[in-house]
There are 4 protein chains.
Amino acid sequence: MTTLSRKERDRQLRRSDILKAAEHLFALKGYHNATIRDIAKEAQYATGTVYLHFKDKDALYFGLFEEKLKSLLSIVEGKAGQSEDSIGKLRIFVQESLVFFEKNQDFFKIFIAEEARLLIETRFLKSPTGQQLHEYTTKLIKQAQEEHIISRDFDPKQVNTVFVAILKTIVLEWFKEEKVQGKSLVDLSDIIFRYLLNGISNK
Amino acid sequence: MTTLSRKERDRQLRRSDILKAAEHLFALKGYHNATIRDIAKEAQYATGTVYLHFKDKDALYFGLFEEKLKSLLSIVEGKAGQSEDSIGKLRIFVQESLVFFEKNQDFFKIFIAEEARLLIETRFLKSPTGQQLHEYTTKLIKQAQEEHIISRDFDPKQVNTVFVAILKTIVLEWFKEEKVQGKSLVDLSDIIFRYLLNGISNK
Amino acid sequence: MTTLSRKERDRQLRRSDILKAAEHLFALKGYHNATIRDIAKEAQYATGTVYLHFKDKDALYFGLFEEKLKSLLSIVEGKAGQSEDSIGKLRIFVQESLVFFEKNQDFFKIFIAEEARLLIETRFLKSPTGQQLHEYTTKLIKQAQEEHIISRDFDPKQVNTVFVAILKTIVLEWFKEEKVQGKSLVDLSDIIFRYLLNGISNK
Amino acid sequence: MTTLSRKERDRQLRRSDILKAAEHLFALKGYHNATIRDIAKEAQYATGTVYLHFKDKDALYFGLFEEKLKSLLSIVEGKAGQSEDSIGKLRIFVQESLVFFEKNQDFFKIFIAEEARLLIETRFLKSPTGQQLHEYTTKLIKQAQEEHIISRDFDPKQVNTVFVAILKTIVLEWFKEEKVQGKSLVDLSDIIFRYLLNGISNK
DNA sequence: GATGAATGAGGTTTCATTCAT
DNA sequence: TATGAATGAAACCTCATTCAT
């Protein structure tokens, strides 16, 4: 049993090495320009080894995407209990996302590219965990509407998309400009909510 | 002189044929999976002819991007006179963008992919015309702040990014779902402004 | 028109170069161990050039097979008029086949391998021209039965298979052993017929 | 000693398991497309285990070939005593071969491929047991010539090759077509001899 | 001895780009 | 200028073989 679990642990270790290298190289060069050989080399394995863990390049990309989003989802759900109301939970979602993206900047690049990929290279599947995250936040938005915090005029799914778009945009801005100024991403949580809830109108 | 300008006109015609084909194929298959051969064939030219107009694949992509954005910019600037105030001009910007994207859905896909490309495949240059558009709207936002329509608390550049993100998101949603319902994209102008100016808060 | 036909002629020339190299290498190393790179190199073209003429390795192999058998068939049909009766035509078939195989010894190796390939690697199609040849000889056998030269007890298709098997075997023997003795393959025509018609029984 | 022989027996058992799987897969996919992994998996061993019994893939293929032919040879020699005369012994050879091939259809496919392989992929050795079988039948043919049953005009080695070719061809035909009709292969023994001894001539 | 993960050479195929016509 | 065949580098992926456990 010990033997078996060590074997399994080793297996996960290798898989994780490969995913880490993939994350780095996909972020650095993009899906098409990152080669399996490069990824294997960065992970310090032979090319063929990658194929013991992922059936092809797509599966590696998709696996990476899923893995990361699962991790984010489990963090968000884990912390959700800290707040009772829906807006509180949304705040937690935003904060944890910001922490996550600050820690996983390589993945953030990949995450940004995903929308386009889904729109164009249709062989890429929509990530199930990505779906779950969307459903999670959409549900919170519906609740906030029921709690009369968010206006019922809006379609909750649309609100959710706009919400996520604002979140992404602010992270992207920080990513491109502010991170050099040493400002932490988490500090941008409030501004995101201000955009979302109140807009920019003067009063 | 007439001869020369006819020559030049013919040249522009070929260039334009190629760009049209490129637009279609980049939107259909993505940058990497669209081949120069395919594009040339769709434009009804030989492969080599493409290289008489664009130095390489990147230049073709970039040229396409520029051309389209120039077209949008000139439309927007052309109609800008119809309104005096900054918010009115922003409305015109949104409306014309919506009309433009509804007419240029292939290009919209490419436009969506651009953010990721700039972030990842760094050899792609930032489009000067894209810059101009950003500067144009940013200037309007600043004016709106001076006119006390938009709160001065916000950084105008950031507001602009959020503004564009909301615009893109709503178009994307329409693109993925609503266009089948026969609703015209222009009708979404108001909702975009509502998100931007007032947010979703109840009161 | 001259231009066009020269172009086409050049095209056929290249195709033919490639087929010649393929014939040599498939015969030397077998289908799987002959690489496209080797074939291209032997034909003095770049690897990619092969793919301008044949969609993949299978198509190259199949194309070669067809080309050669077409050539044999047209020779056989061309000479068929020299004899009136069916046995005479069969003799011509055998003689021309022997001449052909003596001239195309590389192809003969490939031809020998074909039966096995069809039996095992089922993706390989049965050559239409091979079929035609079979039908041609089977028809002659039927005629010989009608002319009371060949016993009607036998199934003509089976006779044909046996006939071809004897032919192949004798060629193969010559190929492996006798060709060094300087004996020409055509001289074996009679013995093939003797095996086929009278068998080896004493009287 | 008992221990040792049990060990040895176990060893033979494993070897035999592997050969069985190899027979199946080589017949199904051909030499090149059958992988050692597949074979090991079908035999329910690990990949590496195959290499404890056969030095490489070629040796496995060759071993399989030898094993099977040894088995056929020993059957044929075992039954040879049932007849005194050479033709009788040849009949036994044919009958036992037919029984053998009907029972070992996978191997028959491999056997058919062998001629081509020897001709083309020259690294494959000529099977010693195959040689022995050839010598055995060639000797019988010589005897039949001495007994004035077969004409002395023919070269006994050549007769033998033709003989085997007819045998293979008839089996192959049955294999491809008649086996569905429920006709047993052994029933074709007479027709093989008729082709060989009397040919197809009318009278 | 048995295992099966790891290796990495090597195969097929694609495609941006060039250049002779 | 327009053509499109030719180029050949480079990608993905497979698999015989090895070797630490």
Side-chain angles (χ1 to χ4, degrees), chain A residues 3 6-7 10-11 14-15 18 31-41 43-60, chain B residues 7 10-11 14 31-41 43-60, chain C residues 3 6-7 10-11 13-15 18 31-41 43-60, chain D residues 7 10-11 14 31-41 44-60:
Chain A
T3 321
R6 196 193 36 171
K7 237 185 179 178
D10 279 8
R11 199 183 154 69
R14 302 202 191 310
R15 194 186 138 93
I18 292 166
Y31 179 80
H32 286 279
N33 292 113
T35 73
I36 296 284
R37 242 215 281 275
D38 289 350
I39 291 168
K41 189 175 286 175
Q44 313 219 49
Y45 293 106
T47 311
T49 307
V50 173
Y51 288 87
L52 296 177
H53 295 266
F54 302 93
K55 103 176 204 303
D56 57 19
K57 199 184 181 185
D58 278 14
L60 172 56
Chain B
K7 246 186 178 175
D10 280 6
R11 200 183 151 69
R14 303 201 192 309
Y31 179 80
H32 285 277
N33 293 114
T35 73
I36 297 284
R37 253 184 84 137
D38 287 350
I39 291 167
K41 188 175 285 173
Q44 314 218 46
Y45 293 104
T47 311
T49 307
V50 173
Y51 286 84
L52 298 175
H53 294 267
F54 302 93
K55 112 175 200 301
D56 58 19
K57 199 185 182 186
D58 278 14
L60 172 56
Chain C
T3 322
R6 196 193 35 170
K7 237 185 179 177
D10 279 8
R11 199 183 153 68
L13 231 57
R14 302 200 192 311
R15 196 186 137 93
I18 292 166
Y31 179 81
H32 285 280
N33 292 112
T35 73
I36 296 283
R37 242 210 285 274
D38 289 349
I39 291 168
K41 190 176 285 174
Q44 312 219 47
Y45 292 105
T47 311
T49 306
V50 173
Y51 287 87
L52 297 177
H53 295 266
F54 302 93
K55 102 175 206 305
D56 58 19
K57 199 184 181 185
D58 277 15
L60 172 55
Chain D
K7 246 188 178 172
D10 279 7
R11 202 183 149 68
R14 301 202 193 308
Y31 179 80
H32 285 277
N33 293 114
T35 71
I36 296 284
R37 252 183 84 134
D38 288 350
I39 291 168
K41 188 176 286 174
Q44 313 219 48
Y45 293 105
T47 311
T49 307
V50 173
Y51 285 85
L52 298 176
H53 294 266
F54 302 93
K55 113 176 198 300
D56 57 20
K57 201 185 180 186
D58 278 14
L60 172 56

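These numbers were taken from a predicted model, which means no experiment stands behind them.
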Discussion item. For the NE2 atom of A:His53 and the CG atom of A:Leu60, what is their distance to the nearest 0.5 Å?
Written reply: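 Taking NE2 in A:His53 and CG in A:Leu60, the distance rounds to 11.0 Å.
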Fill in: Spatial distance of atom OG1 (A:Thr35) from atom CG (A:Asp38) [nearest 0.5 Å]
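A:Thr35 atom OG1 to A:Asp38 atom CG measures 3.0 Å (nearest 0.5 Å).
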Interatomic distance, [X] [atom1] vs [N] [atom2] [rounded to whole Å]:
X	N	atom1	atom2	result
C:Tyr45	F:dA5	OH	P	13 Å
B:Lys41	E:dT14	NZ	C1'	14 Å
B:Arg14	F:dT3	CZ	P	8 Å
B:Asp38	E:dT14	CG	P	12 Å
A:Lys7	E:dA5	NZ	P	7 Å
D:Asp10	E:dG1	CG	C1'	11 Å
A:Ile39	F:dC13	CD1	C1'	14 Å

Worksheet item: Which dot-bracket string fits DNA chain F when only Watson-Crick or G-U wobble pairs with both atom distances under 3.5 Å count, crossing pairs get [ ], and | stands for a partner on a different strand?
Response: .||||||||||||||||||||
If the condition is side-chain contact (heavy atoms from CB on, under 4.5 Å), which residues does [X] pass it with, not counting sequence neighbours?
X	result
B:Ala34	B:Leu25, B:Phe26, B:Lys29
C:Tyr51	C:Ile36
A:Asp56	A:Asp58, A:Ala59

Item to complete: Go through the steps for A:Val50 and A:Arg37 under the test side-chain contact (heavy atoms from CB on, under 4.5 Å), then give the verdict.
Response: CA-CA 9 Å; A:Val50 173; A:Arg37 242 215 281 275; over 6 Å; no
Worksheet item: Looking at F:dA6, F:dA2, E:dT7, which one has an atom nearest to any side-chain atom of A:Ala46?
Response: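 Closest of the options to the side chain of A:Ala46: E:dT7.
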Worksheet item: Choosing from E:dG8, F:dT1, E:dA5, which nucleotide comes nearest the side chain of B:Leu52?
Response: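 It is F:dT1.
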Discussion item. Check the phosphate of E:dA6 against A:His53, side-chain N and O only, distance under 4.0 Å to OP1 or OP2. Yes or no?
Written reply: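 Answer yes for this pair, as a side-chain N or O of A:His53 is under 4.0 Å from OP1 or OP2.
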Worksheet entry | Residue list, salt bridge (Lys or Arg N to Asp or Glu O under 4.0 Å) with A:Arg15, at least two apart or on another chain |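 A:Arg15: salt bridge (Lys or Arg N to Asp or Glu O under 4.0 Å) contacts with A:Glu67.
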Practice prompt. Determine, step by step, whether A:Phe54 and A:Ile18 satisfy the side-chain contact (heavy atoms from CB on, under 4.5 Å) criterion, reporting the C-alpha distance in whole Å, the side-chain angles of both residues, the deciding distance to 0.1 Å, and the verdict.
Written response: CA-CA 10 Å; A:Phe54 302 93; A:Ile18 292 166; 3.9 Å; yes
Worksheet, complete the sentence: Expected string for nucleotides 14-21 of chain F under the B/S/- scheme (protein heavy atoms, under 4.0 Å, primed atoms plus P, OP1, OP2 as sugar-phosphate) is BSSBB--S
Worksheet item: Would a distance-only check, ignoring hydrogens and angles, find a side-chain to backbone donor-acceptor pair under 3.5 Å from B:Lys57 to B:Tyr31?
Response: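 Between the backbone of B:Tyr31 and the side chain of B:Lys57 there is a qualifying donor-acceptor contact (under 3.5 Å).
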